[in-house]
Amino acid sequence: MDHTCVCTNGNSKAWYKAPGHFNGTLDAFIKIVRREGIKSLWSGLPPTLIMAVPATVIYFTCYDQLRAALRVRMGSHAEEAPLLAGALARVGSVTVISPLELIRTKMQSQRSSYRELSEVIHSAVRNEGWRSLWRGWGPTLLRDVPFSAMYWYNYEKGKAWLCKHNNIREPTFAITFISGAVSGSISSIVTLPFDVVKTRRQVEIGELQAMNLSSKASSSTLSVMTKIVAENGVGGLFVGFLPRVIKVAAACAIMISSYEFGKAFFRKHNQERLLSSNT
């Protein structure tokens, strides 16, 4: 889940004040902590969790069910089931969560409270129609669907290889952690240009809202990419490379290892309950 901050862009009344120029990831950490305190590193956590919890529930449930069904139906091509299941699960998750993400961006740009959430939704629908709640859906899919397809395929492959290499049947916490981190790193690097485009479009919407200007229809993904390359070169599509890889690798490793541990724990718990009820 991303956290978007709104730039002042010459608007002295904007609530967000830029903390200054950063010379890298470590420099950003030091300056943010020094000027705003350690707690500021977790700013925006509540609205992020509001999206992360339902998104994760939908995503993982759909993936597990789709992977099991596709492995049966795909026969000799069952090894590719995680790739297709991951892509389809992400489409469903993004479609459900996309309105919440746009609303969160609007709330951040206007510094709205949760009590004003209903008014934020009504205002967006009244001014721009229901379809406006899914603005940014296209570039989000372009980033997240390939990411998920590559992530799950590489994760399952890596996990199986490590299990075979260590002569064990069930993956350990360390195996799932390493597999998740490596797979997440690879996927984040490949899809980074789409992440840059998505972030730029969200910030533009937020800035327009912050300055009380009507939000015009965003440019297409290709046109935004072309503009970035024209202004900053090809390297502009890979801005934020290091922090994104670090963030995604850590998040994927923690997420998947916790998920696999939870599945194993409850599977064992259910089996014990079943055995005790039969005896």
Participant: What is the distance from atom CZ of R34 to atom CD1 of I32, rounded to the nearest 0.5 Å?
Facilitator: 11.5 Å
Participant: What's the spacing between E272 CD and S277 OG if we round to 0.5 Å?
Facilitator: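 If I round to the nearest 0.5 Å, the distance is 12.0 Å.
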Participant: Do any N or O atoms from the side chain of S93 and from the backbone of A89 form a donor-acceptor pair under 3.5 angstrom?
Facilitator: no
Participant: Do the side chains of R244 and T191 get nearer than 4.5 Å, heavy atoms only?
Facilitator: yes
Participant: So do Y155 and T176 actually touch side chain to side chain, heavy atoms under 4.5 Å?
Facilitator: yes
Participant: Do the side chains of L66 and F60 join up, straight or via other hydrophobic residues, at under 4.5 Å, putting them in one cluster?
Facilitator: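 Unlinked, L66 and F60 end up in two clusters.
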Participant: Would you please indicate yes or no on a ring centroid separation below 6.0 angstrom for W152 and Y259?
Facilitator: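 No, they do not, as the ring centres are separated by 6.0 Å or more.
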Participant: Taking E36 first and then K31, would you say they form a salt bridge - that is, a charged N and a carboxylate O separated by under 4.0 Å?
Facilitator: no
Participant: Kindly indicate whether the side chain of I256, heavy atoms from C-beta on, has any atom under 4.5 Å from the side chain of S179.
Facilitator: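 A side-chain contact is absent here, since even the closest heavy-atom pair is not under 4.5 Å.
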Participant: Sequence neighbours excluded, which residues qualify as side chain to side chain donor-acceptor pair (under 3.5 Å) partners of K263?
Facilitator: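 None.
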Participant: Fit a plane to each ring of H269 and F266, take the angle between them on a 0 to 90° scale, and name the class: parallel (under 30°), tilted (30 to 60°) or perpendicular (over 60°).
Facilitator: perpendicular
Participant: Out of curiosity, does L142 fall in the hydrophobic cluster containing F238 (side-chain heavy atoms, cut-off under 4.5 Å, transitive links)?
Facilitator: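 Yes, it is one cluster - the side chains of F238 and L142 are joined through contacts under 4.5 Å.
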Participant: Do V245 and V197 share a hydrophobic cluster, counting only Ile, Leu, Val, Met, Phe, Trp and Tyr and linking them when any side-chain heavy atoms are less than 4.5 Å apart?
Facilitator: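 Same hydrophobic cluster.
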Participant: How about I228 and V196: do any of their side-chain heavy atoms sit closer than 4.5 Å?
Facilitator: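 Yes, close enough: below the 4.5 Å cut-off.
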Participant: Tell me the closest heavy-atom pair linking S185 and A181, and the distance in Å.
Facilitator: OG-O, 2.8 Å
Participant: Check the side chains of Y151 and E156 for a donor-acceptor pair under 3.5 angstrom, ignoring hydrogens and angles.
Facilitator: no
Participant: Do V229 and I189 belong to the same hydrophobic cluster, where Ile, Leu, Val, Met, Phe, Trp and Tyr are linked whenever their side-chain heavy atoms lie under 4.5 Å apart, directly or via other members?
Facilitator: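 Yes, it is one cluster - the side chains of V229 and I189 are joined through contacts under 4.5 Å.
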Participant: Does the pair L274 and N270 meet the rule for a side chain to side chain contact (heavy atoms under 4.5 Å, CB included), with working shown?
Facilitator: CA-CA 6 Å; L274 185 62; N270 291 335; over 6 Å; no
Participant: For E79, I'd like to know if atom CD has over 12 heavy atoms of other residues, nucleotides or ligands within 6.0 Å.
Facilitator: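 No, because the 6.0 Å sphere around CD of E79 holds 12 heavy atoms or fewer from other groups.
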Participant: To the nearest 0.5 Å, what is the distance between CD1 (I168) and CG (L162)?
Facilitator: 8.5 Å
Participant: For E231, I'd like to know if atom CD has over 12 heavy atoms of other residues, nucleotides or ligands within 6.0 Å.
Facilitator: yes
Participant: Please assess F147 against V190 for the test side chain to side chain contact (heavy atoms under 4.5 Å, CB included), listing each intermediate value before the final yes or no.
Facilitator: CA-CA 8 Å; F147 179 97; V190 175; over 6 Å; no
Participant: Using a 4.5 Å cut-off on heavy atoms from C-beta on, say whether the side chain of E260 contacts that of K159.
Facilitator: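 Yes, side chains in contact.
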Participant: Regarding Y59 and S148, do their side chains bring together a donor and an acceptor under 3.5 Å, going by distance alone?
Facilitator: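 Present: a donor and an acceptor within the cut-off.
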Participant: Establish whether L237 and L192 are linked, either directly or via other cluster members, by ILVMFWY side-chain heavy-atom contacts under 4.5 Å.
Facilitator: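 Same hydrophobic cluster.
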Participant: Is there side-chain contact between W161 and K157, with heavy atoms separated by less than 4.5 Å?
Facilitator: no
Participant: Determine whether a donor-acceptor pair (N or O, by modelled atom type, separation under 3.5 Å) exists between the side chain of S187 and the backbone of G184.
Facilitator: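 Between the backbone of G184 and the side chain of S187 there is no qualifying donor-acceptor contact (under 3.5 Å).
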Participant: V248 and side chain to side chain contact (heavy atoms under 4.5 Å, CB included): which partner among S188, P243, S183?
Facilitator: S188
Participant: If we only count heavy atoms from C-beta on, is the V145 to L88 side-chain gap below 4.5 Å?
Facilitator: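 The answer is no; the side chains never approach within 4.5 Å.
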Participant: Would you say that Y63 contacts R90 through its side chain, given a criterion of any heavy-atom pair below 4.5 Å between the two side chains?
Facilitator: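 They are not in contact (no side-chain heavy atoms under 4.5 Å apart), so the answer is no.
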Participant: Taking atom CG of L84 and atom CZ of R71, what is their separation to the nearest 0.5 Å?
Facilitator: 12.5 Å
Participant: Do you know the tightest heavy-atom contact between S258 and I254?
Facilitator: OG-O, 2.7 Å
Participant: Can you tell me how far the NZ atom of K227 sits from the CG atom of N232, to the nearest 0.5 Å?
Facilitator: 10.5 Å
Participant: Under 3.5 Å, side chain of T61 to main-chain N/O of I58, donor-acceptor pair present?
Facilitator: no
Participant: Look up atom CZ in R67 and atom CD in Q65, then write down how far apart they are to the nearest 0.5 Å.
Facilitator: 10.0 Å
